[in-house]
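Residue numbers start from 1 in every chain, and the chains themselves are labelled A, B, ... in the order their sequence lines are given, proteins ahead of strands.
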Amino acid sequence: RKEVEQDPGPFNVPEGATVAFNCTYSNSASQSFFWYRQDCRKEPKLLMSVYSSGNEDGRFTAQLNRASQYISLLIRDSKLSDSATYLCVVNDRRGGFKTIFGAGTRLFVKA
Amino acid sequence: DTEVTQTPKHLVMGMTNKKSLKCEQHMGHRAMYWYKQKAKKPPELMFVYSYEKLSINESVPSRFSPECPNSSLLNLHLHALQPEDSALYLCASSQVHRGSEQYFGPGTRLTVT
């Protein structure tokens, strides 16, 4: 089993749609969780941190479920500019806070 | 300002060359990272420096040699690379190395011929 797993997609959605991504992680002692977005041939950019209480930033909502070991990202009212790869990131305390990226979920938002 | 800079943007080198990649941040972060990213794959952690000391080496071949001259700078020295080492090399920094948010530089696109 991979340490961090994501549905690779691609997700093809129309503008205005709501889309949700999930990510599961294997180590129950994982410490911190993030969503990054990466545009083609660019660096990953931090989208948001993920907390057990859930957090929202505009159209984006992230949630952490420690019991089930998954994190989610919800994008409401999708824009064309949301088209990117969304990377789930977990910091694992084993081996001294190792950062593990999921394989990424590709999103295409169409007009 | 959450800026991490990397030079050069692109690098082409032969298998017998020696070159260095450079990374700089002025956010006062005390942890810096090197990642390697192949096309259509996620970044893979190579090295972590925490308070200018090497904290993690993810079993990277010795032809990659990291160096942290001070808290703002991180270098990656390259020697005798193989064509399969061609990739995007990303530098990142975070406040501390205990699971905090990382900020990435734009990367150096390396081609080994």
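- Atoms CG and NZ, on L45(B) and K98(A) in that order, are 8.0 Å from each other to the nearest 0.5 Å.
- Summarising the local packing, CZ of R63(B) is surrounded by more than 12 heavy atoms from other residues, nucleotides or ligands at distances under 6.0 Å.
- Atom-to-atom distance recorded for E101(B):CD and N91(A):CG is 9.5 Å, nearest 0.5 angstrom.
- Residues P44(A) and P43(B) share a closest heavy-atom pair of CG-CG, 4.1 Å.
- The contact between Q102(B) and chain A is made by backbone and side chain atoms together, counting heavy-atom distances below 4.5 Å.
- Residues E43(A) and Q6(B) fail the side-chain proximity criterion, which asks for heavy atoms closer than 4.5 Å.
- When the heavy atoms of residues 69-90 of chain A are compared with those of chain B, the residues falling under 4.5 Å are L87(A), listed by number.
- Atom-to-atom distance recorded for K41(B):NZ and F101(A):CZ is 15.0 Å, nearest 0.5 angstrom.
- With a 4.5 Å cut-off on non-hydrogen atoms, S100(B) touches chain A through its backbone but not through its side chain.
- With a 4.5 Å cut-off on non-hydrogen atoms, S49(A) touches chain B through its side chain but not through its backbone.
- If you measure heavy-atom distances from R106(A) to chain B, you find no contacts under 4.5 Å at all.
- Using a 4.5 Å cut-off between heavy atoms, Y36(A) touches chain B through its side chain atoms alone.
- Below 4.5 Å, heavy atoms of chain B meet no heavy atom from residues 8-19 of chain A.
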